[in-house]
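Atoms considered below: every heavy atom in the structure, side chains included; atoms not considered: hydrogens, waters and symmetry mates. As the structure lists them, so they are numbered: ligands from 1, and atoms in each ligand from 1. If you read the sequence from its start, that first residue is 1, and numbering goes on from there.
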Amino acid sequence: MITGKTKLLGVIGYPVGHSLSPVMHNAAIAHLGLDYAYLPLPIDPQDLEVAIAGLAAVGTVGFSVTIPHKQAIMPLMAEITPLAQAIGAVNTVSRKDNKWVGTNTDIIGFIDPLQTTYQQDWSQKVAVILGNGGAARAVVAGCHQLGFAKIHVVGRNFDKLREFQQSWANSPIAENLQVHSWDKLTQLISQASLLVNTTPMGMYPKVDDSPVSIDEMANLPTDAIAYDLIYIPQPTKFLQYAQQQGAIIIDGLEMLVQQGVAALKIWLQRDDIPVDIMRQALKKQLGLG
Ligand code: NAP
């Protein structure tokens, strides 16, 4: 129920109608019995600055940021956390001392399922990441945070790969990071303890696609973890091939849930976020039962 005292949260994007965040966050808010509402806020890129000022004027507690505003919003923040700075993108904004603070909860979202389920020492381990787009940046930063000895990023466009590598030049991440063209995939997979798909290959409706063929996947060590950022279908072809190989598999749903949990912790300033309720709300919305 909306009251005279309802506090505002939301997601800015353009378009924003496809966002799953309102369903997930409002389920948590309702479960906690809080007087908050989380709204979809479509903001045309040319209106971003005035919209952010407007959100401040109406006392918005915080908001999520999605495409195309994740980089464009950075100059409008009074403060950006080192994590968001490292990734070069903001996905969560909160209010501190009447100023906007930008952070990025995708790293927490990515590493949480690895840390909670498969807690181990990654310091002698190799991570292989497929794709070099926005999500790959959070995955690289996450793998660095977990302490991986080597982080290999595989891409299809050499110029973009080089740009990706150069963008980390001033970061300690550069020491452990190497970029490779796609033809090195088989050789790299055989060294991987963690293989992550950050490309959209295999995402609904192209469910028969996979960034790794079944023959290439035969090189994955049987004790490796295969992690697909895609959350629909479940499992993707990529994860099916990895499972046939005996590997542990993780799909993208938990990352989606955990980045949302991390954002709510910031906005509500409490730790008892109802993760199960958020997960179930998302599954229902995605038709996953
Ligand atoms: P993005 O910035 O567009 O990056 C996509 C990357 O995949 C690019 O490096 C692109 O290569 C590569 N790629 C695309 N098609 C390819 C193909 N056919 N073969 C080889 N490489 C290909 O997208 P993003 O924001 O990083 O998102 C990537 C995926 O992660 C999406 O499926 C998204 O839904 C998912 N995701 C999930 C979560 C979650 O919470 N679970 C969070 C974020 C993203 P080029 O650079 O050469 O174009």
Nearest neighbour of atom 48 (O) of ligand 1 from the list Lys206, Glu163, Met203, Lys160, on a heavy-atom basis: Lys160
Chi angles and distances behind the side-chain contact (heavy atoms from CB on, under 4.5 Å) call for Thr60, Lys7: CA-CA 7 Å; Thr60 307; Lys7 292 185 180 148; over 6 Å; no
Asn170 atom CG, neighbour heavy-atom count above 12 within 6.0 Å: no
Ionic contact status for Asp183 with Arg156, cut-off 4.0 Å: no
Proximal atoms of ligand 1 relative to Gly134 (non-hydrogen, under 4.0 Å): 2 (O), 26 (O)
Enumerated ligand 1 atoms positioned under 4.0 Å from heavy atoms of Leu256: 40 (O)
Ala135 N/O to ligand 1 N/O under 3.5 Å: yes
Within reach of ligand 1, part of Asp106 (heavy-atom separation under 4.0 Å): neither
Subset of ligand 1 atoms that lie under 4.0 Å from at least one heavy atom of Gly252: 39 (C), 41 (N)
Salt-bridge contact Asp272-Arg270 (side-chain N to carboxylate O under 4.0 Å): yes
Same apolar cluster (I L V M F W Y, side chains within < 4.5 Å links), Met255/Met278: no
Close-contact set for ligand 1 against Asn157 heavy atoms, below 4.0 Å: 47 (O)
Sub-4.0 Å protein heavy atom next to atom 33 (C) of ligand 1: no
Ligand 1 N/O within reach of Met201 N/O, cut-off under 3.5 Å: no
Ligand 1 N/O within reach of Asn132 N/O, cut-off under 3.5 Å: yes
Carboxylate-amine/guanidinium contact Lys237 Asp209, below 4.0 Å: no
Nearest protein heavy atom under 4.0 Å from atom 3 (O) of ligand 1, yes or no: no
Flag for Tyr241-Ser213: side-chain donor and acceptor within less than 3.5 Å: no
Flag, side chain of Thr105 to backbone of Ile108, donor-acceptor distance under 3.5 Å: no
Within-cut-off N or O pair, Met255 and ligand 1, under 3.5 Å: no
Heavy atom of protein closer than 4.0 angstrom to atom 23 (O) of ligand 1: no
Heavy atom of the protein closest to atom 29 (C) of ligand 1 (residue, atom name, distance): Thr198 O, 3.4 Å
Neighbour count >12 (heavy atoms, 6.0 Å) for atom CD1, Ile67: no
Cationic N near anionic O, under 4.0 Å, Glu79 to Lys96: yes
Side chain, backbone, both or neither: Ile230 near ligand 1, heavy atoms under 4.0 Å: side chain
Close N or O approach (Gly131, ligand 1; < 3.5 Å): no
Nitrogen or oxygen atoms of Arg156 and ligand 1 under 3.5 Å apart: yes
Side chains of Gln120 and Lys125, donor plus acceptor under 3.5 Å: yes
Whether Gln259 lies under 4.0 Å from ligand 1, heavy atom: no
Protein heavy-atom partner closest to atom 8 (C) of ligand 1 - residue, atom, separation in Å: Gly133 N, 3.8 Å
Plane angle bin for His25 and Trp267 - parallel if under 30°, tilted between 30 and 60°, otherwise perpendicular: perpendicular
